[in-house]
Amino acid sequence: MTLKVAILARRAELPQWQVESLNIASRYLDVALLLVAPDKASQKPELQHMAYRLLTAFSLNNRLTRRATFAMPMEACQELSLESGKDGLRLPFLVVDALIARGITAIINFGPSIEPPAGLDVIAYASPGSSNYGGGATGLEEMRAGAQCAEIRVEKHTANTPVAAVLAHCYSRVYHHSYMRTASDYQHNAMLLLKPAMERLIVGDCLTTGESRPRTEIPGNLAVMAFVFRMGYRYLRRLLYGALVEKRWNVIIAEFSGFVGLDNLSITRGRVPVLGKSHSFYADPFFSHDGQKIRLEALNKHNGVGEILELDVDSLEPSEAYLTGWHYSYPFSFWENGREYLLPEVSSHSEPYVIAAPFTEGAEVIPLEGFDGRRVLDGTLFIHDGYHYIFGGLDGSAESCLYLYYSQALTGPYRAHPKNPIVIDPRLRCLSSLLAPGIRRLLIADRVEPAGLPGPGSARPSGMVSSSEWNRSTVRDVVVSPRHRWRLAWPALHHPGQHAAHLG
């Protein structure tokens, strides 16, 4: 089923992210008309907003904002002038009548905010967080307010209805050191949101309803200059952090006679391995199946690439680097049919593969079919109801989006889940796994359930721990070994005299 729609835009050529969003949702859309309504008010030079104009001209110039031609066939491109309505701008009545006569049922609005006309739905992007913080450009007010993410919505507006129906929503990451990256992440995630919105619109469904407040305020010159100063300060702090702190990560191992939950974990008691002379940090720890070894990433201080090695659980002595040459990280280990496997991250140079019987002379590299050139970051595998599920990030969106692939056989072919990306939220993107004796538990419940996840089997293994129970302010990655006594290891900042968990 498709919807016959018109597109409202400021120019005949659309930004690349809007073109991509229409292409992704093309199976649901029959685009009949492109309406071009220049926003004449925004073209007037305003001295009090000059700093804002310069900031956006510099920061919003990226691949996703470059102008592109919409490739779907359209009957015509019509330029029009918007009229003043009761609560803002509106389409001329003659245009509305012509649209309805052509069987158009909705307008996808990429242009100025308009009043929804009688007989037509208006589908528009909204960023309620920006309104809550006082208006302004997407992401800018969230950065000024210190928010960690920006909410993105696709809403349906109907005439004589005071609230909007929220068809889809997600979040993008706020990079407090870079407005350019903040805006780029917003545009990328917004690009993915139109398809699920159209799926709900076709079946007459919505997530919720709520008041939509358009972003109308533009910060003045002094506010923008203060914002740029703070952003520069944060950028400098980030450089210092990367130079002085980030490359000193380490892991801590501690033993517990019982395990109740993550809230009672303490990292003030535990053993810390001594970094090898050729490595600057340890990260991404996983236990071997027998609990005797810790597999982790060790950053080679000479070439700056990650290597995979093992630590002996009792002595914490490191092995020789096992995977070297390219960048390797996230050595996820699992057990199937009496055999141990390693699923390392190899996105810098290869599609994903597994290594059977790793760290032995009989090790075997087994390619995974079906990824077709996709590079998976932080790939994690679990088995449920006869299906193998691999979830992880993809190049270009790994910090906000989580993708799921499934196959009945370990070697594939793997298929992309129809709801991909199953999560668009940087707060839920961090991959952590919790392994208990006899049960694999993945801390992804809150990341999977909002997507509804239809398809083969269930995307939730039994006994899953909700990530809402996970104290993210204390622990980043937790791995529990399958032994009678619990052993835990997690990345931590290594400071003399104290150990503080590494945050994200």
**Q.** Name of the residue among N109, I107, L201, V5 meeting side chain to side chain contact (heavy atoms under 4.5 Å, CB included) with I123
**A.** L201
Indicate the ring-plane relationship of [X] and [Y], choosing parallel, tilted or perpendicular according to the 30° and 60° boundaries.
| X | Y | result |
| --- | --- | --- |
| Y387 | Y389 | tilted |
| Y330 | F286 | perpendicular |
| F110 | Y125 | parallel |

For [Y], is there any backbone N or O sitting under 3.5 Å from a side-chain donor or acceptor partner on [X]?
| X | Y | result |
| --- | --- | --- |
| H388 | Q408 | yes |
| T65 | L60 | yes |
| S127 | E151 | yes |
| K4 | R102 | yes |
| N221 | A51 | yes |
| T161 | V163 | no |
| T209 | A164 | no |
| D378 | G392 | no |
| S184 | M180 | no |
| R375 | S347 | yes |

Q: Could you go through the side chain to side chain contact (heavy atoms under 4.5 Å, CB included) check for I152 and S172 one step at a time?
A: CA-CA 7 Å; I152 312 168; S172 64; 4.0 Å; yes
Q. For the ring pair H349 and Y328, is the centre-to-centre distance below 6.0 Å?
A. yes
Of all the heavy-atom pairs spanning [X] and [Y], show the shortest one and how long it is.
| X | Y | result |
| --- | --- | --- |
| H188 | L64 | N-CD1, 3.6 Å |
| L342 | P331 | CD1-O, 3.5 Å |
| Y175 | T182 | N-OG1, 2.9 Å |
| A57 | N61 | O-CB, 3.7 Å |
| V19 | A68 | CG2-O, 3.9 Å |
| G373 | E351 | N-OE2, 2.8 Å |

Q | CA sep, side-chain torsions, deciding dist, call: N420, I422, side chain to side chain contact (heavy atoms under 4.5 Å, CB included) | A | CA-CA 5 Å; N420 273 344; I422 60 171; 3.6 Å; yes
Using only heavy-atom distances, determine whether the side chains of [X] and [Y] contain a donor-acceptor pair under 3.5 Å.
| X | Y | value |
| --- | --- | --- |
| H157 | E115 | no |
| Q187 | N62 | yes |
| S400 | D185 | yes |

Please round to the nearest 0.5 Å and tell me the distance separating atom [atom1] of [X] and atom [atom2] of [Y].
| X | Y | atom1 | atom2 | result |
| --- | --- | --- | --- | --- |
| R234 | L239 | CZ | CG | 14.5 Å |
| L99 | L91 | CG | CG | 7.0 Å |
| T380 | F332 | OG1 | CZ | 5.5 Å |
| S350 | E345 | OG | CD | 11.5 Å |
| L343 | I366 | CG | CD1 | 11.5 Å |
| C149 | E142 | SG | CD | 8.5 Å |

(Q) Please enumerate all residues that pass side-chain contact (heavy atoms from CB on, under 4.5 Å) together with A25, with sequence neighbours excluded. (A)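 Testing A25 for side-chain contact (heavy atoms from CB on, under 4.5 Å), a comparison that skips the adjacent residues, returns L29, L194, K195, M198.
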Below 4.5 Å, heavy atoms only, C-beta onward: do [X] and [Y] meet side chain to side chain?
| X | Y | answer |
| --- | --- | --- |
| T2 | Y28 | no |
| C401 | N189 | yes |
| L410 | Y341 | yes |
| E83 | L89 | no |
| Y186 | R173 | no |
| D284 | S329 | yes |
| V31 | I7 | yes |
| V36 | L34 | yes |

Q) Stepwise, does the side-chain hydrogen bond (donor to acceptor under 3.5 Å, both in side chains) test hold for E155 with H169? A) CA-CA 9 Å; E155 299 176 340; H169 83 118; over 6 Å; no
**Q.** Residues, nucleotides or ligands: over 12 heavy atoms within 6.0 Å of R67 CZ
**A.**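 Yes, because the 6.0 Å sphere around CZ of R67 holds more than 12 heavy atoms from other groups.
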(Q) Regarding K419 and E199, does a basic nitrogen lie under 4.0 Å from an acidic carboxylate oxygen? (A)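 A salt bridge links K419 with E199.
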(Q) Under a 4.0 Å threshold between the charged nitrogen and the carboxylate oxygen, would E399 count as salt-bridged to R181? (A) yes
Q: Kindly determine whether L55 and L140 satisfy side chain to side chain contact (heavy atoms under 4.5 Å, CB included), including the steps that lead there.
A: CA-CA 10 Å; L55 174 67; L140 188 145; 3.5 Å; yes
Q: Could you check F371, Y403, Y405 and say which one makes a ring pair (Phe, Tyr, Trp, His ring centres under 6.0 Å) with Y414?
A: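 Answer to the ring pair (Phe, Tyr, Trp, His ring centres under 6.0 Å) test with Y414 among F371, Y403, Y405: F371.
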Q | Full working for side chain to side chain contact (heavy atoms under 4.5 Å, CB included) between F334 and V354 | A | CA-CA 10 Å; F334 64 98; V354 297; 4.2 Å; yes
Q: Report yes or no: is the cationic atom of R90 (NZ for Lys, CZ for Arg) closer than 6.0 Å to the six-membered ring centre of F93, at no more than 45° off its axis?
A: yes
Q) Has R144 got its NZ or CZ under 6.0 Å from the middle of the six-membered ring of F227, at an angle within 45 degrees of the ring axis? A) no
